[in-house]
S.K.: 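Before I ask anything, let me first share the structure, which is written out below as structure tokens.
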Amino acid sequence: MTTDLFDLSDGEPWQEPVGEGVVVLRRFARNTAPDLVQAIGKVASKAPFRHMVTPGGRSMSAAMTCAGELGWVTDRSGYRYQSTDPESGLLWPEIPESFKELARNAAEAAGYRGFVPDACLINRYQRGARMGLHQDKDEQEFSWPIVSVSLGLPITFQFGGPRRSDKPVKILLEHGDVVVWGGPARLFYHGVLTLKAGHHPLTGSCRYNLTFRRAG
DNA sequence: AAGTCCCG
DNA sequence: AAAT
């Protein structure tokens, strides 16, 4: 029997407010996802994914690369944005047009008109990879939001408060979901739990996350 | 110097 | 298994 009243699989994206300044745009990037994944491959052909080392000397489980005028990097000396890839000395690849358009549209849907990111961090999670609770606070200003796009396998996102000790809410993020946080939530702690093994038709065994920022 | 986008 |  058909139950199209409850079948949202081909419907429009919808929004779920998480808290003041935080919204999940469910399936917002679903239609452009194939283009986004292809563009990730092009960026990675110029600036390959790598496991950066934190100031504590440990390697991050998520592999990262960047696009844009500025890229986020970490090494033993700290966390920072810089215009060049430390592995090659070259400028980071440009942010693909499909990325910029999505970031602008998602920010606008969340109430931020005219978002033009100058930094895109691309994270690749494979089985076992995670991201501990942290703040995005290496940018020069915090008036623009963070726009975070999930592609491929699902993962549990945690979104906390201004102090690490604030209990985070858990949100399952699936393919095409976009989270936007800004205003009072701009500096809130967030992270993701360990990625479980799985298979996705577009990305295979991994999850990609694009985060767009205005860093400079 | 402090804190840690890390680990156990 | 997650939280601390």
S.K.: Under 4.0 Å: is that the gap between some side-chain N or O of A/Gln158 and OP1 or OP2 of C/dA3?
M.R.: yes
S.K.: Do you see a donor-acceptor pair shorter than 3.5 Å between the side chains of A/Trp14 and A/Glu16?
M.R.: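 A pair is found: one side chain offers a donor N or O, the other an acceptor, under 3.5 Å apart.
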S.K.: Where along residues 165-185 of chain A does a heavy atom fall under 4.0 Å from DNA chain B?
M.R.: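 Those residues: none at all.
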S.K.: Can you confirm whether A/Arg113 sits close enough to A/Glu108 that some side-chain heavy atom of one is under 4.5 Å from a side-chain heavy atom of the other?
M.R.: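 In contact.
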S.K.: Rounded to whole Å, how long is the line connecting atom CG of A/Leu193 with atom P of B/dC7?
M.R.: 14 Å
S.K.: Atom CG of A/Leu133 to atom P of B/dT4: distance rounded to whole Å?
M.R.: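 Roughly 11 Å, once rounded to whole Å.
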S.K.: Could you give the side-chain donor-acceptor pairs of residues 34-49 of chain A under 3.5 Å, partners two or more places apart or in another chain?
M.R.:
unit_1, atom_1, unit_2, atom_2, d
A/Ser45, OG, A/Lys42, O, 2.7

S.K.: Among residues 50-83 of chain A, which ones have heavy-atom contacts with DNA chain C below 4.0 Å?
M.R.: none
S.K.: What is the separation between atom CZ on A/Phe157 and atom P on C/dA2, rounded to the nearest whole Å?
M.R.: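 To the nearest whole Å, that distance equals 17 Å.
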S.K.: According to side chain to side chain contact (heavy atoms under 4.5 Å, CB included), who are the partners of A/Val53, at least two apart in sequence or on a separate chain?
M.R.: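 Partners of A/Val53 by the side chain to side chain contact (heavy atoms under 4.5 Å, CB included) criterion, ordered by chain and then number, come out as A/Arg76.
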S.K.: Measure from CD on A/Gln135 to C1' on B/dA2 and round the result to the nearest Å.
M.R.: 14 Å
S.K.: Please report the distance, rounded to the nearest Å, between OH in A/Tyr189 and P in B/dC6.
M.R.: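 Value for this atom pair: 13 Å.
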S.K.: Checking one residue: A/Leu172. Which other hydrophobic residues are in its cluster under the side-chain 4.5 Å linking rule?
M.R.: none
S.K.: I need the CZ-P distance between A/Arg213 and B/dC5, as an integer number of Å.
M.R.: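 About 13 Å, once rounded to whole Å.
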S.K.: In whole angstrom, what separates A/Lys137's NZ from B/dC5's C1'?
M.R.: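 The distance from NZ of A/Lys137 to C1' of B/dC5 comes to 11 Å, rounded to the nearest Å.
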S.K.: Counting just side-chain N and O atoms, does A/Tyr125 come under 4.0 Å of either OP1 or OP2 of B/dC5?
M.R.: no
S.K.: Suppose you measure atom P in B/dC6 against the same atom in B/dA2; what distance do you get, rounded to whole Å?
M.R.: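 One P to the other, the span is 23 Å.
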S.K.: Would you indicate, yes or no, if C/dA2 has its OP1 or OP2 atom less than 4.0 angstrom from a side-chain nitrogen or oxygen of A/Arg130?
M.R.: no
S.K.: Could you state the CG-P distance from A/Asp136 to B/dT4, rounded to the nearest angstrom?
M.R.: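 Taking atom P of B/dT4 as the reference, CG of A/Asp136 is at 14 Å.
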S.K.: Spell out yes or no: do the side chain of A/Asn123 and the base of B/dC5 have one donor N/O and one acceptor N/O closer than 3.5 Å?
M.R.: no
S.K.: Indicate the ring-plane relationship of A/Trp144 and A/Phe115, choosing parallel, tilted or perpendicular according to the 30° and 60° boundaries.
M.R.: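 Judged by the thresholds at 30° and 60°, the geometry between A/Trp144 and A/Phe115 is tilted.
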S.K.: Which residue pairs pass the side chain to side chain donor-acceptor pair (under 3.5 Å) test when at least one of the two sits in residues 179-206 of chain A, sequence neighbours left out?
M.R.: A/His134-A/His190, A/Gln135-A/Tyr189, A/Asp136-A/His190, A/Glu139-A/Arg186
S.K.: Does any part of the side chain of A/Asp75, heavy atoms only, come nearer than 4.5 Å to the side chain of A/Arg80, both counted from C-beta?
M.R.: yes
S.K.: Could you give the distance from CD (A/Glu12) to CZ (A/Arg27), rounded to the nearest 0.5 Å?
M.R.: 13.5 Å
